[in-house]
Amino acid sequence: MYRIKAANTYEKRPEDPRGNSYVDYRHKKQDKLDEQLNQQKIDDLFVDCVIMLNGRLEPSANYLRQLIGTHGGKVVFQYMPGVTHIICQNLSASKFIQYSKKTIPVLLPKYILSCVEHKTLLDTTEFILPQLLLEQTQQTQQTQQTQAQEPSPEFRMSQINFNYVVEPVVLDPDSERIQQKLQNLEQQIKIYQLNEIAQIDYGEVIQNVQNTDSQKSSPTQLQYIQNSPVKTHDKINVREYHEQSRLHHLSQWKVEAQQFLIQNPPQGPKPNDTAAPLFMHIDIDCFFVQASYSALSAQQQLLYQSLPLCVCSSSNTGQNSTADIASCNYVARSYGIRNGMWLRTAQEKCKELVILKYDFQVYSEQSKRFYQNLLDISSQIMPVSCDECYIKLSGLISNKEEFMTELKAKIKRSTGLITSIGLGSSLIQARIATKLGKPNGQIHIGKEQFIELIKHKTVDFLPGIGQETATVMNSIGIYSVGDLQHAQLNLLQQTFGEIKGQQLFNSSLGIDSLVFKPIQGGQQQKSKQLQVSQNFGVRLTTLLQLKQFIYNLLVELQAKQKERNQQINRIILHLNVVAKNANPQWAKNGGCGQCEKTTSSCSIQGEVTEYYEQILEPILSQFRVEDVRGADIVGVCGEQQPEIIRNKTNKINDRTSLNQFKELLNNFQEQQQNTNLITGDISQIDQIQDENVREKVKQVIGLQIIKRGNLDDVLKYDDFQQKNYYMQQMWGEFL
DNA sequence: TGAGTGTGGTAG
DNA sequence: ATCGCTACCACACTCA
């Protein structure tokens, strides 16, 4: 039996498996790197310097480290005696105090770059952190105002710097950039003036400005146009774009599926929580292809039968089509074609590939029909997407094979679509069963089988492990699921974080990190996030176009907010900016290619669109407009939480009761997956009088224990916002 | 230590 | 040409 370890305990960093202490390990690693850099040394510019890099830096700390290293300097990341320079971009108050105790210059990263450029150690005064100058000025003022005291030792350094206060010089060799900034500033001022003068609809104002601007036709030449000759858009209609985006529809259909289930609550029998857990995962095989195929005429269907098929937005058979294969059937897959592959790659692999068109209307209808067939199986359904869901079947099925065969036949009759079904005692087991059975499969696996069957698959076979995680795993010597099953939990948690590490480990053993949350009929779904984004076909050349675009996104967000009837109290803007040295080979036609993401957020009250200047402003100065290739706006909804009493005196201070209850729960030997009940002696919970409270306790504690490992973590876990509320209820009624 | 904010990964 | 969306989770870091 695998004990689920506490997932959220913040214990001391485990020892290095090779027997070194972690600190030693770090030092050794550092030394090794220094040595490596020393071998590539160019000159002795920084030879007597020990430079400390702190926090997030631009250029990155890694880059600076190499740069300094190759010029003979030593880099550290923690303060230690002997440090000669501190390189930092943002200094928090605590760090400020901490650093200003030391008489060491705190400088901008630009110092390093300039020194390298001029091949000499420059005077540091020009590079002192502006924040530091500002802060010490304020501090000095404060001190002067309040009391005429001797400056405390903390300000020794400020005093030193103060003697050399120089207006910080922006050493930007790229004078074009400054010109651009100034131009932008001018344009900004214009738009502000317009807003003040014209008291009309904001959108209209922007539209007008936009028009006059495009007549002028900005002289700005785009750098990237040389690489990717894409037309710039004068006007981008977000909604129109979304109409054609398969990924947009995919997201929409998920919501539609949820709403469908809310409006048509499953009428099937209620699963038995005390029976052995049994979950079904059902998925339509290559949904897009099958659905598109099902919309064809009988004659065409006959023609295309058993041919390699795919769905793609483009019928372009040219050599350079970067259109995505949205979905391909299993015949096509036998040629090595995969979903997401570019059409040109796919056609290189199979010349006979038949390209079917998207038919979003049909997909939506088929999805509804699919769900219609599932309503009478069980009362608990959890949709995953338009073509995929989990159903809880504990204690409802006698003959599993027969059940699966019949269900598949029923769906085939009603929709014409072929599905795969997996059964398992946890969600992930069912999920993997489906995956193993595809296409047209029906499999039931248990935990032991799960572990056996999946042992030799690569780690990315497991849900939740994508490319990035797989790469990191490979780097620590984990390639197959079997490796993961036998991996050191310590190592995993050290690499991926306490919870993530635990979840990955659990996954490999068939233990869920996903919690089964069936749709509750009649209940309106509340999501935590609303998002509107477009990262395709965005080619902006002027600030005004950018503003117009952001505004359009906000309008769309507002419409969505209204439609879903949700509260939004914070908006986030993501801006994708072309990465320096982006590889044009990697970009799709019209795509955003390799981007760097800039983010800004603000809290809002009232209308989303009113905040558009505010959200845009903080990031305007950070990039050149013509580099922008895409933008997202995310609205984060306020969770509609019950009144949480945040009075400290209301906290539970009855340690005895708490400990008793903890002990009781910790005594449970085995945690049953995804049952709302805790196995073992639950009689004490059942003694709770209030039925609602009792159910809540079971549900909340049960789910949380399964998710986190043990009660300690349940009580500790930050995101468990209703903790205090439930705890009060619990302790009020219980014990 | 909890709340706020930013970053990054994953899935369909 | 082409339609690289969206919701959610975990984590890092800062601030008071």
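The analysis underlying the following values was restricted to heavy atoms, covering all of them including side chains, and did not include hydrogens, waters or symmetry mates. Each chain gets a letter, A, B and so on, in the order its sequence line appears, and its residues count up from 1. Bear in mind the structure is a predicted one, so any value in this text is a computation, not a measurement.
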Original post:
Would you call A:D324 and A:K588 a salt bridge, taking side-chain N to carboxylate O under 4.0 Å as the test?
Top reply: yes
Subject >> Selected nucleotide, minimal atom distance to A:K560 side chain, candidates B:dT10, B:dG6, C:dT6 >> reply: C:dT6
**OP:** Side chain of A:Q531 only, please: which of C:dT6, B:dG6, C:dA10 is the nearest?
**Re:** C:dT6
**OP:** Give a yes or no on whether the backbone of A:L309 and the side-chain of A:N329 come within a donor-acceptor separation of less than 3.5 Å.
**Re:** yes
**OP:** Side chain of A:S385 only, please: which of B:dG12, B:dG9, C:dA7 is the nearest?
**Re:** B:dG12
Subject >> Minimum-distance nucleotide (side-chain atoms of A:T469 versus B:dT10, B:dA11, C:dG4) >> reply: B:dT10
Subject >> From C:dC11, B:dT5, C:dC5, nucleotide with atom closest to A:K500 side chain >> reply: C:dC11
Original post:
For DNA chain C, whose closest nucleotide is more 5', that of A:L530 or that of A:D324?
Top reply: A:D324
**OP:** Measure from the side chain of A:S533, starting at C-beta and using heavy atoms only, and say which of B:dG6, C:dC3, C:dT6 lies closest.
**Re:** C:dT6
**OP:** Would you please indicate if the ring centroids of A:F279 and A:F516 are separated by under 6.0 Å?
**Re:** yes
Original post:
Which nucleotide in the set C:dA10, B:dG12, B:dT5 lies at the smallest distance from any side-chain heavy atom of A:E388?
Top reply: B:dG12
Original post:
Closer than 4.0 Å, any side-chain N/O of A:K588 to the OP1 or OP2 of C:dC3?
Top reply: yes
**OP:** Check every atom of C:dG4, B:dT10, C:dC8 against the side chain of A:E468 and return the nucleotide holding the closest atom.
**Re:** B:dT10
Original post:
Between A:S245 and C:dG4, is there a side-chain N or O to OP1/OP2 distance below 4.0 Å?
Top reply: yes
Original post:
Taking only residues two or more places apart in sequence, or in another chain, which ones meet A:K368 in a salt bridge (charged side-chain N to carboxylate O under 4.0 Å, His left out)?
Top reply: A:E256
Original post:
Which residues within residues 249-259 of chain A lie with some heavy atom under 4.0 Å of an atom in DNA chain B?
Top reply: A:L250, A:S251
Original post:
Can you find a side chain N or O atom of A:Y241 that sits less than 4.0 Å from OP1 or OP2 on C:dC5?
Top reply: yes
Subject >> A:H281 and A:Y390 aromatic ring geometry - parallel, tilted or perpendicular at 30°/60° bounds >> reply: tilted
Subject >> Out of C:dT2, C:dC5, C:dT6, whichever nucleotide has its closest atom nearest the side chain of A:N589 >> reply: C:dT2
Original post:
Does OP1 or OP2 of C:dC9 have a side-chain N or O of A:S513 closer than 4.0 Å?
Top reply: no
